[in-house]
Asks: 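Pasting a structure below so you can have a look.
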Number of protein chains: 2
Amino acid sequence: MKFNATNVRASASAADLIFEALREAIFTGEIGAGEHLRQDALAEMFNTSRIPVREALSRLEQQGLVKTERYKGTTVTSLSVDEVREVFEFRALLEGEVIRYAVENMDDETIEKARRACDAFATETDSARYGELNRDFHYALYAKAERPYHLKIVSQALDRIESYLRAQLVLTDGMERARREHMGILEACIARDKERAAELTRAHILGASASLISFLETRENSK
Amino acid sequence: MKFNATNVRASASAADLIFEALREAIFTGEIGAGEHLRQDALAEMFNTSRIPVREALSRLEQQGLVKTERYKGTTVTSLSVDEVREVFEFRALLEGEVIRYAVENMDDETIEKARRACDAFATETDSARYGELNRDFHYALYAKAERPYHLKIVSQALDRIESYLRAQLVLTDGMERARREHMGILEACIARDKERAAELTRAHILGASASLISFLETRENSK
DNA sequence: TCAGATATGTTGGGATCAAATTGTTTTTGA
DNA sequence: TCAAAAACAATTTGATCCCAACATATCTGA
């Protein structure tokens with residue numbers, strides 16, 4: 001007899017929980033850039049020892065969300081405008097290519113799934129969930145590219161700038177524009193027009209980048 | 001009295017040293033795919049406790065070089081042919097773009113540095129150093145792209161398949177061909193022809209991929 | 001024979017201590 | 001007085017010993 005394949009073993013370890021909590025806190029801005037994270041304090045906060053805390057911090061560092069210096073501790077990293085711009089540029093290149101692959105394998109089921117994600121994004125009113133629903137839509141399409149490595153890197157790039165992405169979406173026209181552009185991408189996928197889908201995706205990302213960067217720069221200047 | 005003969009106390013932390021040692025051992029094949037890594041054994045081997053060992057393993061896991069399952073331990077991951085193919089495909093896309101940026105900013109100093117790296121690669125006789133010198137050449141050019149995030153991802157992709165890359169280079173015509181192709185790329189950079197440099201870089205990577213994969217597949221079939 | 005019990009080994013995580021390093025404060029000497 | 005030196009505090013890194021959770025192999029009894 002074969003046992004039920006439920007993934008009990010994949011249940012989160014303490015390090016997983018701390019990692020997720022910190023990641024989310026950084027994304028929402030609850031922990032601001034430059035802030036110092038002390039291992040002892042975190043261990044106490046999460047009611048564990050330092051061991052899982054260190055593992056979580058190490059993973060955050062690998063993702064570039066924090067930086068730790070020997071004997072000095074770990075701080076939340078802040079990205080410069082140039083760095084943000086570069087990550088968006090990278091995403092435009094990569095996601096454009098990924099959607100091209102995806103359209104090649106596109107089927108009705110995937111389109112249906114993407115349409116639902118698109119609707120969910122368009123009707124959501126809780127701005128805290130914009131980022132998540134935005135990912136849902138794109139990933140629904142990207143899944144069909146059948147390129148797990150590419151997708152992992154896309155995901156990593158999104159993590160790097162997630163907090164900025166969330167900020168961009170809640171800007172006045174960010175959501176409305178994203179809604180429209182998602183529709184366009186979806187239609188190109190339905191028409192199986194991979195070049196148009198790729199071009200729209202690139203434009204979608206670069207447009208968001210431009211709007212975010214102009215926001216960041218005016219904020220920077222007004223300080 | 002206990003002697004602590006290891007040079008743990010240099011500048012890198014113990015975890016750094018263990019990480020590097022394991023990484024190199026995996027690259028050279030000293031630790032084969034599927035092999036089991038036990039924390040106790042490693043701690044004893046490096047004359048430390050399990051704490052830095054676990055940190056090193058965690059970092060290796062983040063890079064995808066090993067996989068750990070809860071309460072079961074960590075094993076060296078092996079890539080399927082499809083995965084290897086995908087990483088090469090990814091590199092072709094990304095490195096093609098990176099060299100395009102690099103040519104835009106190209107200067108004589110960089111070309112001189114790349115030429116030296118190219119010569120060093122062409123004249124090296126120790127096959128263990130091929131991989132490193134190959135990286136040196138490409139990075140010398142890529143540096144001028146002034147895209148740190150892109151370069152980090154390139155580096156990460158190379159890490160993922162480093163051991164395969166080394167295997168590919170020591171195949172009979174791998175080195176000779178790489179020599180020729182490096183020359184071509186360098187010349188395109190000198191001519192400031194970014195499209196040709198990009199196309200040659202793509203072809204260089206995809207060619208290596210094709211030759212490696214046919215090698216892997218015949219080996220697979222002959223088993 | 002084979003399902004269940006048992007033994008053993010490994011990883012996950014806790015607690016506490018020592019060592020190393022950095023930053024801060026206090027003391028000292030000109 | 002004030003700059004350099006010394007002492008001190010805070011913090012991270014690592015060691016050691018501990019136990020719990022879980023996996024696997026072996027043994028046992030029907």
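Just so we're on the same page: letters track the sequence lines, and every chain starts at 1.
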Asks: Using 4.0 Å as the upper bound for N to carboxylate O, is an ion pair formed by B:Glu132 and B:Arg135?
Replies: no
Asks: Without decimals, in angstroms, what is the distance between B:Glu69 CD and C:dG12 C1'?
Replies: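 Roughly 15 Å, once rounded to whole Å.
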Asks: Under 4.0 Å between a Lys/Arg side-chain N and an Asp/Glu carboxylate O for A:Glu89 and B:Arg147?
Replies: yes
Asks: So what does the secondary structure string of DNA chain D come out as, 5' to 3', with Watson-Crick or wobble pairs under 3.5 angstrom, [ ] for crossing and | for pairs with another strand?
Replies: ||||||||||||||||||||||||||||||
Asks: Determine, for B:Glu162 against B:Arg166, whether the closest basic-nitrogen to carboxylate-oxygen distance falls under 4.0 angstrom.
Replies: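 Here B:Glu162 pairs with B:Arg166 in a salt bridge, since their nearest N and O are under 4.0 Å apart.
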Asks: Using a cut-off of less than 4.0 Å, is there contact between a side-chain N or O of B:Lys72 and OP1 or OP2 of D:dC22?
Replies: no
Asks: Ion pair present between A:Glu83 and A:Arg85, side-chain N to carboxylate O less than 4.0 angstrom?
Replies: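 Salt bridge absent between A:Glu83 and A:Arg85.
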Asks: Would you mind reading off the distance between A:Leu37 atom CG and D:dA10 atom P, rounded to a whole angstrom?
Replies: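 To the nearest whole Å, that distance equals 20 Å.
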Asks: Rounding to a whole Å, what distance do you find between B:Tyr71:OH and D:dC22:P?
Replies: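 Rounding to the nearest Å, OH of B:Tyr71 and P of D:dC22 are 5 Å apart.
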Asks: If I take atom CD1 in residue B:Ile18 and atom C1' in nucleotide D:dT13, what distance separates them, rounded to the nearest angstrom?
Replies: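 Rounding to the nearest Å, CD1 of B:Ile18 and C1' of D:dT13 are 12 Å apart.
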Asks: Assess whether a salt bridge exists between B:Asp136 and B:Arg116, defined as any Lys/Arg side-chain N lying under 4.0 Å from an Asp/Glu carboxylate O.
Replies: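 Result for this pair is no, no salt bridge flagged.
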Asks: What is the distance, to the nearest angstrom, from the CD atom on A:Gln39 to the P atom on C:dG14?
Replies: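 Going from A:Gln39 (CD) to C:dG14 (P), I get 14 Å.
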Asks: Would you jot down, in residue-number order, the residues of residues 42-55 of chain A having a non-hydrogen atom under 4.0 Å from DNA chain C?
Replies: A:Thr48, A:Ser49, A:Ile51, A:Pro52
Asks: D:dG14 phosphate, OP1 or OP2: any side-chain N/O from B:Ser13 under 4.0 angstrom?
Replies: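 It does, given that an N or O in the side chain of B:Ser13 lies less than 4.0 Å from OP1 or OP2 of D:dG14.
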Asks: State which residues pass side-chain hydrogen bond (donor to acceptor under 3.5 Å, both in side chains) with B:Glu124; sequence neighbours excluded, sorted by chain then number.
Replies: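 Partners of B:Glu124 under the side-chain hydrogen bond (donor to acceptor under 3.5 Å, both in side chains) test: B:Arg129.
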Asks: Below 6.0 angstrom between ring centroids: does that apply to A:Tyr149 and B:Phe90?
Replies: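 Yes, they do, as the ring centres are separated by less than 6.0 Å.
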Asks: Expressed as a whole number of angstroms, how long is the span from A:Arg70:CZ to C:dA19:P?
Replies: 16 Å
Asks: Any luck finding a side-chain donor-acceptor pair between A:Ser58 and A:Gln62 under 3.5 Å?
Replies: no
Asks: If you only use heavy atoms from C-beta on, which nucleotide in C:dT21, C:dT11, D:dT24 is closest to the side chain of B:Arg38?
Replies: C:dT11
Asks: Measure the distance from CG on B:Asp40 to P on C:dG9 and round it to the nearest whole Å.
Replies: 11 Å
Asks: So what does B:Leu57 touch, heavy atoms closer than 4.0 Å: a base, only the sugar-phosphate, or nothing?
Replies: nothing
Asks: Has A:Glu55 got a side-chain atom pairing as donor or acceptor with A:Ala15's backbone, closer than 3.5 angstrom?
Replies: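 Checking the backbone N and O of A:Ala15 against the side chain of A:Glu55, no donor-acceptor pair under 3.5 Å is found.
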